[in-house]
Amino acid sequence: MAELANCPRCNAVFVKGIRTICQSCYKEEEEAFQTVYHFLRERKNREATLMMIVEATNVEEELIMKFVKEKRLRPTEFPNLAYPCERCGTDIISGKLCVSCTAELKKDLTAFEETEKRREEMSAMDTSTNTYYAIDKHKK
């Protein structure tokens with residue numbers, strides 16, 4: 001069932017369905033996409049960087065990055081079309097993180113898992129090495 005929502009771009013009320021923005025903002029985004037796409041289709045512009053596209057088309061950088069992330073503009077077709085890593089800001093052409101940030105996060109996760117495993121082993125050892133004390137009840 002559809003629900004009412006405010007458009008995050010223009011704050012207009014609309015019925016939220018497949019899209020997360022209102023119809024008028026969607027049309028504006030589509031026009032911006034067509035502008036960028038027609039600019040990039042020209043052979044001389046295929047190797048344009050993100051900033052060159054912004055300057056030539058007057059389309060916001062965030063919107064162009066959104067098109068790339070949605071895979072509407074493919075960096076394989078436009079080799080200099082990159083956007084920043086969400087962690088360190090290095091230019092990347094796919095995903096959300098660069099290779100070095102991904103490797104660092106994997107290393108940190110592995111170290112955390114090893115620490116947790118050691119902690120579990122230590123707690124298991126503490127319960128399995130209980131000492132038994134016998135009390136002589138008959139001594140007075």
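- No more than 12 heavy-atom neighbours from other residues, nucleotides or ligands sit within 6.0 angstrom of CZ on R41.
- The side-chain heavy atoms of E61 and M51, taken from C-beta on, include a pair separated by under 4.5 Å.
- We find that E60 and K66 are not joined by a salt bridge, their nearest charged nitrogen and carboxylate oxygen being 4.0 Å or further apart.
- Look at R119 and E116 and you find a salt bridge, because one of the NZ, NE, NH1 or NH2 atoms lies within 4.0 Å of a carboxylate O, short of that distance.
- Placement of Y37 and M65 within a single hydrophobic cluster is found when ILVMFWY residues are connected by side-chain heavy-atom separations under 4.5 Å, directly or transitively.
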message = Go through it in stages, so that I can follow the logic: the residues are Q23 and K27, the test is side-chain contact (heavy atoms from CB on, under 4.5 Å), and I'd like the CA-CA distance, side-chain angles, deciding distance and then a yes or no.
response = CA-CA 6 Å; Q23 185 65 26; K27 285 181 182 179; 3.6 Å; yes
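- Using a 4.5 Å cut-off between side-chain heavy atoms of Ile, Leu, Val, Met, Phe, Trp and Tyr, with links allowed through other members, L73 and M52 fall into different hydrophobic clusters.
- E29 has no carboxylate O lying under 4.0 Å from a charged side-chain N of R72, or vice versa, which leaves the two without a salt bridge.
- Contact of the V54 side chain with the V59 side chain is not registered, since no non-hydrogen atoms from C-beta on lie closer than 4.5 Å.
- Proximity of I64 to L81: side-chain heavy atoms (C-beta onward) are separated by under 4.5 Å at one or more points.
- Within the structure, ring-ring contact (aromatic ring centres under 6.0 Å, His included) contacts touching residues 51-72 (residues at least two apart or in different chains) are F33-F67.
- Using a 4.5 Å cut-off on side-chain heavy atoms (C-beta onward), E86 and C101 make no contact.
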